[in-house]
**Q** 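This is the structure I want to talk about, given as structure tokens.
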Number of protein chains: 2
Amino acid sequence: MKKIFLSENDLPKTWYNIAADLTSAPLPPLHPGTLQPLGPDDLAPLFPMALIEQEMSMEREIAIPDPVIEGLRMYRPSPLIRATGLEAALKTPAKIYFKYEGVSPAGSHKPNTAIAQAYYNKQEGVKRIATETGAGQWGSSMALAGQIFGLEVKVYMVKVSYNQKPYRRSMMESWGAKIVSSPSKDTQFGQKILAEDPDNTGSLGIAISEAVEDAATKDNTKYALGSVLNHVLLHQTIIGLEAKKQMEIAGDKPDIVIGCVGGGSNFAGLAFPYLRDKINGAEIDFRAIEPSACPTLTRGNFTYDFGDMAQMTPLVSMHTLGHTFMPPGIHAGGLRYHGMAPMLSHVVKEGLVDAYAFPQIEVFDSAALFARTEGIIPAPESAHAIKGAVDAAVEAREAGQEKTILFNLSGHGHFDMSAYDAYFAGNLTDYRPTDDDLAAGFASTESLPNAD
Amino acid sequence: MKKIFLSENDLPKTWYNIAADLTSAPLPPLHPGTLQPLGPDDLAPLFPMALIEQEMSMEREIAIPDPVIEGLRMYRPSPLIRATGLEAALKTPAKIYFKYEGVSPAGSHKPNTAIAQAYYNKQEGVKRIATETGAGQWGSSMALAGQIFGLEVKVYMVKVSYNQKPYRRSMMESWGAKIVSSPSKDTQFGQKILAEDPDNTGSLGIAISEAVEDAATKDNTKYALGSVLNHVLLHQTIIGLEAKKQMEIAGDKPDIVIGCVGGGSNFAGLAFPYLRDKINGAEIDFRAIEPSACPTLTRGNFTYDFGDMAQMTPLVSMHTLGHTFMPPGIHAGGLRYHGMAPMLSHVVKEGLVDAYAFPQIEVFDSAALFARTEGIIPAPESAHAIKGAVDAAVEAREAGQEKTILFNLSGHGHFDMSAYDAYFAGNLTDYRPTDDDLAAGFASTESLPNAD
């Protein structure tokens, strides 16, 4: 392991907006009732105007406000690390670098956008943020960000996680957030679900619906989302912008850029600043790695679909397994999403980014190898990127090529040790949806507008 | 929060040995059979000669070997952070700085010595390390260090922790260590205990005895200890040596230096380099903070005592509650030790360092305040140092003095969230041993040599 640090003064002052450099534009989001392209006013009940403007901006560089930079300084710039131990173990001529986002207090890249979102809400007089969380990564990041800017944060936490992950809950409480098990009695939608089925264990779709209702109906309250949207991907580009400065210090340029994908934000955060170079002629191989259990990019359709199971969100054009697709309970909970960020889907469709899917046992094999050679125990989500890097390094060895590989280690696994427990005990199973499983999911999008 | 980083090149090249600067020497350890001062040969079955030499060295500066520096670079230099958020919340004119050791892969300061110990063992041809662990901090640090230098590591983990802390166990497994629940069938001592009481839940005393037996009887195997010994404290001085460089960059000097104490190594690591300045005339107020539940320095006797309950170790002169004293199950498991590092006990006895004890609910109040204002969730052990710093900052406010406070944040609390759960749920209780409890512990040292 060899680290390349930046000083605080090297923290980027602007985010990079890839919309300015794309030669073709993604299709616009549609209002689910009218099927007309969404305008800023449609989003105003949920988001502050500054974020809506970023969502639709065509400016290449967007200034990061000073108080956001101040907040990010809590853990940024994050280190770029050369994985010399992993290289040696793989006997590869490739150089492997990774950007380590686990240094944030919440343990992942999520605060990069949570801090920005909290700031813009605070600026526009918002007092409360309502949001949802599954495994807890996003909820804890929003709790932290709310604490920084003095916003109240209410987190609707999927009931099964609320009961199984008390530690993430305590973390959010440590940062002053209010957490409720979803479905809850705090919203009409939650009450309706509970009346029909008091034992409902909840889902991300239900939790989103509750948070959106809360934001739309309560005073001084807005909603916040941790992935998928353009402004979220924008805020994450600080990862790639820092990485470029650090790779320059290292005297290297990546031939292959790798990240795991669930909603797409950590991959986009590292990749988009480099994708600009590819659009301008550089030869870079981009690899988005997803779980075989939820193969959105590798086996999904590209079409308009709802972002949530409850069909409350706008229709967006993306790769999707269908909004009714229910991924099995793999340990990389953050990658269990039926859709994908529209901006990332677009560049995959354009052939700029390739997608790969791996089953979880192979992913944990790579995670264990990484822990032994580099000392860091990765989050199961981030381990997908490691698996991608290991395969690329083995390819380089077999081809006798001195490739330079860069991947994003989006978080540590300190709150996922039960997954390692299961892995070391030989209790993990792999899962791939059957064609019938996929067909059932796709059926839910049949009546929606075609995006091709 | 404002961070002061050092570059990798600023990593100290030598450790600081306080023995060279003390005006009076601590009493020597005694052989438990002969009651004569121990010689190097008495320790040779357990430790490599290089560590035995460090244990007895009077040299002021001891060079850190290059491979140890390389290993420490995995996470060092650690950041020095100005706790501006905590200062604001306390409305204090004091400046509060802390050194953050939670950045190590194991999450605490323990790898600082584990890496050095693994190196010296490797150098002398040792193939295996046997050690014990209670809560798991030390065992995981030794597992990591063994991985770095290619040593097999066998950890005897106290059975109650083995069952209650599967995550720490998985962490050690991730780093390739072999873990066994203690009492185990792997040693004669363990077999004897199990024969008498198959349901014995284990203790640190039993686990130490098993690890020592393993090291003394198995080929190419030595023993390793994570605190108390002089060479352990020596290796931890890298914390204070870095802090001095960073405080210089910040343009400040500490008036008050604070750390939590269990065995004493993290406190000594930060404090000893500054204690040298006090010996040379500087005015610095040193505060060692311990739990009221295990008040070794504040209510213990200074006498010769065994380091372990099983009476296997040499007799050392220290503050002690008696080797039979059984501290209650507070959440700061790393501070539940009946004795104290002899070198730290000595400087407390000499009046160079003051000791304070706090009950755990007040300690968690400070931990929660710190998490909200600085973003980092501290280990319950480290939270004792925060409580000390909070009290010092409030004193400064009340006296209207611009004091500079420096404390050691020895680790994060990611593996202790159940303690925060209990705290937020109002389920923590305070505990102070009664005079009768203490008298019973002291009785176990009555027949041992007096150290006064």
**Q** Within the supplied structure, the quantity of interest is the number of heavy atoms (other residues, nucleotides, ligands) at a distance under 6.0 Å from Lys2(B) NZ; does it exceed 12?
**A**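 No, not enclosed.
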**Q** For Glu8(A), is it the side chain, the backbone, both or neither that has a heavy atom under 4.5 Å from a heavy atom of chain B?
**A**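 For Glu8(A), side-chain heavy atoms alone lie under 4.5 Å from chain B.
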**Q** Roughly how far, to the nearest 0.5 Å, is the CZ atom of Phe5(B) from the CG atom of Leu6(A)?
**A**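 If we round to the nearest 0.5 Å, Leu6(A):CG and Phe5(B):CZ are 10.0 Å apart.
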**Q** Most heavy-atom pairs under 4.5 angstrom with chain A, which of Arg169(B), Arg168(B), Lys3(B)?
**A**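 When all of Arg169(B), Arg168(B), Lys3(B) are compared, Lys3(B) has the most.
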**Q** Which of residues 66-75 of chain A get closer than 4.5 angstrom to chain B, counting heavy atoms alone?
**A**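 Hits under 4.5 Å: Glu70(A), Arg73(A), Met74(A), Tyr75(A).
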**Q** Does a sphere of radius 6.0 Å around NZ in Lys127(B) hold more than 12 heavy atoms from other residues, nucleotides or ligands, not counting ones at 6.0 Å or beyond?
**A** no
**Q** Quick one: which of Ala368(B), Pro111(B), Gly375(B), Pro105(B) has the most heavy-atom pairs under 4.5 Å with chain A, could you say?
**A** Gly375(B)
**Q** Mind checking what makes salt bridge (Lys or Arg N to Asp or Glu O under 4.0 Å) contact with Lys154(A), not counting sequence neighbours?
**A**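 Checked Lys154(A) against salt bridge (Lys or Arg N to Asp or Glu O under 4.0 Å); matches are Asp186(A).
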**Q** For each of Gly85(A), Ala106(A), Ser174(A), tally heavy-atom pairs with chain B at distances under 4.5 Å, and name the one with the top tally.
**A**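 Looking at each option in turn, the highest pair count goes to Ser174(A).
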**Q** In Å, rounded to the nearest 0.5 Å, how long is the span from OG of Ser104(B) to CD1 of Ile376(A)?
**A** 11.0 Å
**Q** Holding to side-chain contact (heavy atoms from CB on, under 4.5 Å), I want the full list of residues that pass it with Arg372(A), two or more places apart in sequence or in another chain.
**A** Phe424(A), Gln147(B)
**Q** OH/Tyr167(A) to CD1/Ile377(B) distance, rounded to the nearest 0.5 angstrom?
**A**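 It comes to 13.0 Å.
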**Q** Is there any residue in residues 411-422 of chain A with a non-hydrogen atom under 4.5 Å from a non-hydrogen atom of chain B, and which ones are they?
**A** His412(A), His414(A), Phe415(A), Met417(A), Ser418(A), Tyr420(A), Asp421(A)
